[in-house]
Amino acid sequence: MSTTIATATSQKGAAEARTLFSDLKQRLNGQSPQLVVVFASTKCPLEAVMREATAVFGRVPAIACTTAGEFDQTTEGTGQFTAWVAGGDDVVAAAGLGKGLKVNAEAALMEAILDVPDDPARPHRTAIVLLDPLSGNGEETALLASTLLGSTVRLAGGAAGDDLAFANALVACGTEVANDAVVVAVLSSKKPLSIGVQHGHAPLSKPLTVTKASGAVVHEIDGKPAFEVWKEQVREAAKKHGVDIDRVPAADMGAHLLRYEVGLIAGPNEYKIRAPLSVGTGGSLSFACGIPEGAVVRVTESVEEAQISSARGAAARARKALGTQPVAGALVFDCICRRLILGARYHSAIQELSHALGDVPLAGFATYGEIAMDLGQSSGFHNTTTVVLAFPQ
Amino acid sequence: MLSRNKPELKLTQPVAIETIIAHMAGSIGEQKARVVVDEALTALGFPRSGVLPPESADLLFASIVTQEGLVGLAGRVAKQMVRLNMSPLRPASS
């Protein structure tokens, strides 16, 4: 039996959710539902939407998070929710939620990761991870998940968004909804799923050294307040786009921080992008994961074409990694910066991504960070990246 | 199924110092990874370049993984990757 995937998007929130979920169940053509995934704007209260999902799908694992934009293969926008369901018996899932992510990520993960017995009929393992980026330990959580699950388990997922408020990002498992939390769904499958990853930023500044940092907060770069250094580096580039970075109100700075992110120099011409999420006291910058003192970074920027080609590239990689297996559908974790940079062209980027997968059902959301650890990768939290998790038929 | 239930396994193959740095660089940056590994090698009295025998690599990792926060975590994952003989993979950029 192959895997069937169905998706739908609604702008009417919980009011339409029961009908939408019932319709999705029908579209599985009699196959048993195995996993439900929901990506919801903060304008669609997550508790209410997940109550409807549970009413329709019962004990089928259902995971969700809030977003900064959501899409399926035909529709994209904000203020709505997108639902995705997989059916068949090639893939089975078990999901949990762990709280207290900021204080103890390992304990939160151990609460979220259910002890799933080995299944000889489904030997391939993939974990979908959704987390609250405002807990400030995205990379730490991805690395810990890898150590707890084992290096033979692929990871894919994203950091919840909150429509650019940077105040309250939620994750959910069943009807349990929380911030400062992590959700892990462990998928066991007959055939391996595939992950495609590609980012689209390039260095803008010279190398800079993080001279004072604590956890996810960078206080100083090259001995000066981090935010001041960031503004110095982006001022001219922002001016070319008609933005006077020194006059941007504090409440609007978030979108600009996400356009000019920080690249951790990981090797020759190799950057691990880190998104600054907010400006703190004393001109500090808070990130979604730790950046240690002594790290050397460059401020980066992206051009529009790179944002489109990187999304297409991630999808193409995921499809290619499935070999001759046709694609049943996909989940997409796509950095919010792409939506901000592309504006009205974002719809085209999603269309190109969908075409690259073969125009199959997909659901995705605009994230504050992406998670991808394929076999052999030793770092898992990304920014400005598109992560595509593809399911074979 | 979870690795938390499995005992820590020792390394059985020699490990290139550059491989350890490459595995850690994705999380903490190349420069920081070099400093961390270099300081640990110096403290242990090991050569600061080349290939370490498995027993020495185990001691190096034992030193690194006790460090706080992301540095210690990056060391844990790097050791896992090295033990499974996986080469460092990097996400592609446009």
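Bear in mind that the values here come from a model prediction, so they are computed numbers and not experimental data. Chain A is the first sequence line, chain B the second, and so forth, proteins listed ahead of strands; every chain is numbered from 1.
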Listing, residues 288-298 of chain A side-chain donor-acceptor contacts under 3.5 Å, not counting sequence neighbours, or none:
unit_1	atom_1	unit_2	atom_2	d
A/Glu293	OE2	A/Ala213	N	3.1
A/Arg298	NE	A/Ser205	O	2.7
A/Arg298	NH1	A/Tyr271	OH	2.8
A/Arg298	NH2	A/Ser205	O	3.2

Which heavy atom of A/Ala266 sits nearest a heavy atom of B/Ala25, and at what distance? O-CB, 3.3 Å
Contact list (residues 29-39 of chain B to chain A, heavy-atom gap under 4.5 Å, by number) returns B/Gly29, B/Glu30, B/Gln31, B/Lys32
How many angstroms lie between NZ in B/Lys79 and OG1 in A/Thr147, if you round to the nearest 0.5 Å? 12.5 Å
Closest approach of A/Ser146 and B/Met81, non-hydrogen atoms and distance? OG-CE, 4.4 Å
Does any non-hydrogen side-chain atom of B/Leu70 lie less than 4.5 Å from one of A/Leu143? yes
Roughly how far, to the nearest 0.5 Å, is the OG atom of B/Ser27 from the NZ atom of A/Lys272? 5.5 Å
For residues B/Leu73 and A/Leu144, report the shortest heavy-atom separation together with the two atoms involved. CD2-CD2, 3.2 Å
Can we say B/Arg76 and A/Glu106 salt-bridge, meaning some charged N sits less than 4.0 Å from an Asp/Glu carboxylate O? yes
Test of understanding: with salt bridge (charged side-chain N to carboxylate O under 4.0 Å, His left out), list the residues that count as partners of A/Arg312, not counting sequence neighbours. A/Glu352
With sequence neighbours excluded, tell me which residues meet side-chain hydrogen bond (donor to acceptor under 3.5 Å, both in side chains) with A/Asp222. none
